[in-house]
Structures are given as C-alpha cells and as structure tokens.
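Here is the structure we will look at.
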There are 2 protein chains.
Amino acid sequence: MVVIGIGKLAKAAEVRTDTVRYYERLGLLAPPSRTRAGYRSYGTADIERLRFIRRAKSLGFPLDDIRQLLALRADDNARAAAVLTVTRARIAALDTQIRDLHAIAEALSRLADDCPPDAAVSECPILAHLSGLHRHPADSDRR
Amino acid sequence: MVVIGIGKLAKAAEVRTDTVRYYERLGLLAPPSRTRAGYRSYGTADIERLRFIRRAKSLGFPLDDIRQLLALRADDNARAAAVLTVTRARIAALDTQIRDLHAIAEALSRLADDCPPDAAVSECPILAHLSGLHRHPADSDRR
DNA sequence: TTGCACCTTTGACCACGATCCAAGGTCAAG
DNA sequence: CTTGACCTTGGATCGTGGTCAAAGGTGCAA
C-alpha cells in the first residue's frame with residue numbers, strides 16, 4: 001500500500017499543504033496516521049477524497065455541504081435522495097443569486113445606456129438614480 | 001441649518017451608527033464637525049450621502065467604487081463618461097459572475113435530474129461526478 | 001557533518017462589510 | 001442628583017476559505 005506525505009498528497013490533489021491541514025481541522029479529512037517522527041501519512045484514497053472536495057467546490061458547494069456529501073458517500077445505508085436534497089438546495093441558492101445579480105445587471109445596463117458620455121456628471125442618469133432622483137433633471141426632450 | 005447627531009443620521013438613512021463611523025474611516029464620509037463635547041454633528045446633506053451609498057450598495061457596487069462615484073458626483077469638471085466607466089466595469093463583473101453561476105446551476109440541474117432518489121448513494125450520478133467518474137458505474141441500460 | 005527540503009505546531013493575517021464590546025464622557029428629564 | 005439615553009475611542013469578532021510566518025524537528029545526500 002502506497003504511503004505518501006502531506007507534500008505529495010497536496011501536489012497530487014493540487015492544493016496547498018496548509019489547505020490539507022485546514023480541511024483536517026474542519027473535519028473534511030480524517031486525522032491521518034503518523035510516522036514515528038509525527039509526520040502525517042496518507043494513501044491514494046486521500047488524493048481521491050481531496051479531489052472530490054475540489055470538484056464539489058468548483059460546483060459551488062460550501063465546505064459544510066461538502067462535509068455532508070462526503071458523509072453520504074461513505075454511508076452504505078444512505079439513499080441518493082439525501083444527496084439530491086443537498087444539491088437541490090444549492091441549485092435553489094444559486095438560482096436566487098443569479099436572479100438577484102441579473103436584476104442588478106439589467107438595472108445598471110438600462111441606466112448606462114441612457115447615459116450620454118460627454119455630458120457633465122450633473123446630467124448623468126446613473127448618479128441621478130443613485131441620488132434618488134427617478135427622473136433626469138433635464139429630460140424634457142426625451143421620449 | 002438643521003444639525004443632527006450620529007444616531008438621528010443613522011436612523012434617517014437606515015444604517016447603524018457603527019456603519020456611519022465605519023464609512024468615515026473608509027473615507028466615504030468626510031469627518032464631520034464636532035460639538036464642544038466631541039459629538040459628531042451632521043446636516044441633511046449627510047443623510048442624502050448615506051442614502052446614495054445605500055442605493056449604490058444595493059446595485060452591487062463595492063465601497064471602493066462608491067467612493068469613486070461620490071468623488072465624481074462632487075466634481076464639477078467630471079464627465080458622465082467617468083461614471084460610465086465604473087458602471088460598465090461593474091456590469092462586466094456581474095455578467096461574468098452570472099455566467100459562472102449559471103454554468104454551475106445548469107451542471108447541477110442536469111446531474112440532479114439524472115439522479116434516482118430511491119437508489120443507493122453508490123448509484124448517485126452526483127456523487128459519481130464529484131468522484132471524477134464521468135459515467136455511472138452501472139448505466140449500461142441508459143440511452 | 002553540513003545543507004537543504006520536508007515536516008510539525010501555534011497563531012496571525014487577508015478580503016469584505018460590517019457589528020459589537022468595554023470603558024468612559026455628556027446631556028436632559030424627573 | 002441620579003437615571004437613562006446618547007456619544008466617544010480602540011480594538012475584537014463574525015463568516016468564508018484559506019494563506020503565511022516563526023521556531024523548531026526530521027530525513028537524506030554529498
């Protein structure tokens with residue numbers, strides 16, 4: 001059985017050694033066995049586990065969710081429905097966030113499109129909006 | 001001229017007094033004049049300014065951008081183009097963020113739709129994906 | 001044996017935008 | 001004159017996910 005140190009593990013999983021220890025503290029990684037000198041020693045399954053965490057992170061799961069997912073993966077009695085619950089909750093959170101950001105981007109785009117670049121800032125509808133004026137001070141000729 | 005203390009200012013602008021002092025430290029609010037006792041004293045223009053900050057924040061501008069926007073608003077020689085530059089940069093950042101989140105949400109939704117709730121976790125395509133298996137271990141009958 | 005890479009721990013620090021706490025000063029009402 | 005609301009400062013804390021530094025021990029090669 002292949003035994004590697006924290007440095008090789010980190011390199012294999014493309015994380016920092018600090019991150020490995022950090023995940024151990026958070027309970028995402030079990031405390032590994034130690035050499036006589038006190039060095040952490042890992043096996044290939046740990047590389048797998050770290051890569052799982054990386055992929056989950058890249059899909060927007062917070063570390064708390066990832067801890068749950070790891071527990072479910074290791075639980076022979078667990079049903080896929082449990083994974084689905086975590087996943088659907090994440091999707092819902094993402095959808096909310098996307099909708100919020102989209103609404104903001106839309107609002108900014110509309111204001112930006114209405115903004116004449118060469119005008120003085122006093123004519124700028126963006127600043128006007130931020131100042132709480134919902135009409136341009138001199139838009140009598142628009143529309 | 002109306003003079004108010006930090007508590008009334010904060011209440012009028014719907015922020016905490018701590019936030020007012022915090023913004024002062026960050027340079028979003030000029031250090032106000034003080035009463036003989038050392039109390040900060042503000043005027044109605046400061047309520048306006050705080051509300052401006054609140055609106056800008058609600059449109060997703062970070063405080064650093066807001067400091068710039070406030071400076072532009074106060075600069076008679078500034079052109080709307082400068083406001084537009086800040087705004088377009090924010091829109092671009094939002095669009096990138098939205099696209100990233102959308103891609104993640106899509107990927108998760110596809111996985112979730114493929115996941116049979118009653119199956120054992122070992123059959124869960126979500127966990128399979130996170131484990132780096134891009135095919136289900138037993139999907140011979142799908143497609 | 002020396003030198004270097006690697007490992008250990010504890011604890012501080014980063015962004016971001018606040019929020020809260022402690023210890024003390026001020027002010028108006030009753 | 002006391003009570004309570006308000007104000008002051010400096011510094012600590014939160015959440016999230018790490019990153020870094022200091023001071024020391026270990027392992028291997030020239």
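Chain identifiers are assigned alphabetically (A, B, ...) following the order of the sequence lines, protein sequences preceding nucleic acid strands; residue numbering begins at 1 within each chain. As the structure is a computational prediction, the values presented were derived from the model and not from experiment.
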Counting only pairs under 3.5 Å, give me each side-chain donor-acceptor contact of residues 66-87 of chain A, with atom names and distances, residues two or more places apart or in other chains.
{"residue": "A/Arg67", "atom": "NH1", "partner": "A/Leu26", "partner atom": "O", "Å": "2.1"}
{"residue": "A/Arg67", "atom": "NH2", "partner": "A/Asp64", "partner atom": "OD1", "Å": "2.6"}
{"residue": "A/Arg73", "atom": "NH1", "partner": "B/Ser131", "partner atom": "OG", "Å": "3.3"}
{"residue": "A/Asp75", "atom": "OD1", "partner": "A/Asn77", "partner atom": "N", "Å": "2.8"}
{"residue": "A/Asp75", "atom": "OD1", "partner": "A/Ala78", "partner atom": "N", "Å": "3.4"}
{"residue": "A/Arg79", "atom": "NH1", "partner": "B/Asp118", "partner atom": "O", "Å": "2.7"}
{"residue": "A/Thr85", "atom": "OG1", "partner": "A/Ala81", "partner atom": "O", "Å": "3.0"}
{"residue": "A/Thr87", "atom": "OG1", "partner": "A/Val83", "partner atom": "O", "Å": "2.8"}

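- In this entry the distance linking CD1 of A/Ile4 with C1' of D/dG27 reads 18 Å, nearest Å.
- Between chain A and DNA chain C, the heavy-atom contact criterion of under 4.0 Å yields a 5' to 3' nucleotide range of C/dC6 to C/dT9.
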Please tabulate, for the side chains in residues 90-100 of chain B, all donor-acceptor contacts under 3.5 angstrom to protein atoms that are two or more places apart in sequence or on a different chain.
{"residue": "B/Arg90", "atom": "NE", "partner": "B/Asp65", "partner atom": "OD2", "Å": "3.4"}
{"residue": "B/Arg90", "atom": "NH1", "partner": "B/Gly60", "partner atom": "O", "Å": "3.3"}
{"residue": "B/Thr96", "atom": "OG1", "partner": "B/Ala92", "partner atom": "O", "Å": "3.1"}

Anything under 3.5 Å between a protein N or O and an N or O of nucleotides 13-15 of chain D, put it in a table, one pair a line.
none

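- For DNA chain D, the neighbouring residues in residues 38-65 of chain A, judged by any heavy atom under 4.0 Å, are A/Tyr39, A/Lys57, A/Pro62, A/Leu63.
- In terms of heavy atoms, B/Leu59 sits closest to A/Leu108 at O-CD1, 3.7 Å.
- The pair B/Asp18-B/Arg21 counts as a salt bridge, with a side-chain nitrogen and a carboxylate oxygen less than 4.0 angstrom apart.
- In this structure, CG in B/Leu130 is found 7.5 Å from CG in B/Leu111, a value given to the nearest 0.5 Å.
- For the atom pair B/Lys57 NZ and B/Phe52 CZ, the distance stands at 13.5 Å (nearest 0.5 Å).
- Shown here for B/Ala12 and B/Ile47, the closest heavy-atom pair between the two residues is CB-CD1, 3.8 Å.
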Apply side-chain contact (heavy atoms from CB on, under 4.5 Å) to residues B/Val3 and B/Tyr42 and explain how you reach the verdict. CA-CA 6 Å; B/Val3 171; B/Tyr42 297 96; over 6 Å; no

Are B/Arg40 and B/Glu24 close enough, and set up right, to give a side-chain contact (heavy atoms from CB on, under 4.5 Å), and what steps lead you there? CA-CA 11 Å; B/Arg40 287 170 179 78; B/Glu24 180 183 330; 2.8 Å; yes

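- B/Ile6 comes within 4.0 angstrom of sugar-phosphate atoms only, judged by non-hydrogen atoms across all strands, and of no base.
- Residues from residues 16-25 of chain B lying near DNA chain C, meaning a heavy-atom separation below 4.0 Å, are B/Arg16, B/Asp18, B/Thr19, B/Tyr22, B/Tyr23 in numerical order.
- The two atoms that bring B/Pro125 and B/Pro116 nearest to each other are CD-CD, 4.0 Å, heavy atoms only.
- A/Arg34 comes within 4.0 angstrom of the backbone, heavy atoms only, and of no base.
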Pair B/Leu63, B/Tyr22 - check side-chain contact (heavy atoms from CB on, under 4.5 Å), show working. CA-CA 11 Å; B/Leu63 298 182; B/Tyr22 176 61; 4.0 Å; yes

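- Summarising the geometry of A/Leu9 relative to A/Asp46, their closest heavy-atom pair is CD1-C, 3.7 Å, with the distance given to 0.1 Å.
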Could you walk me through whether B/Ser33 and B/Ser41 satisfy the side-chain hydrogen bond (donor to acceptor under 3.5 Å, both in side chains) test, starting with their C-alpha distance in whole Å, then the side-chain angles of each, then the deciding distance to 0.1 Å, before giving a yes or no? CA-CA 6 Å; B/Ser33 56; B/Ser41 63; 3.3 Å; yes

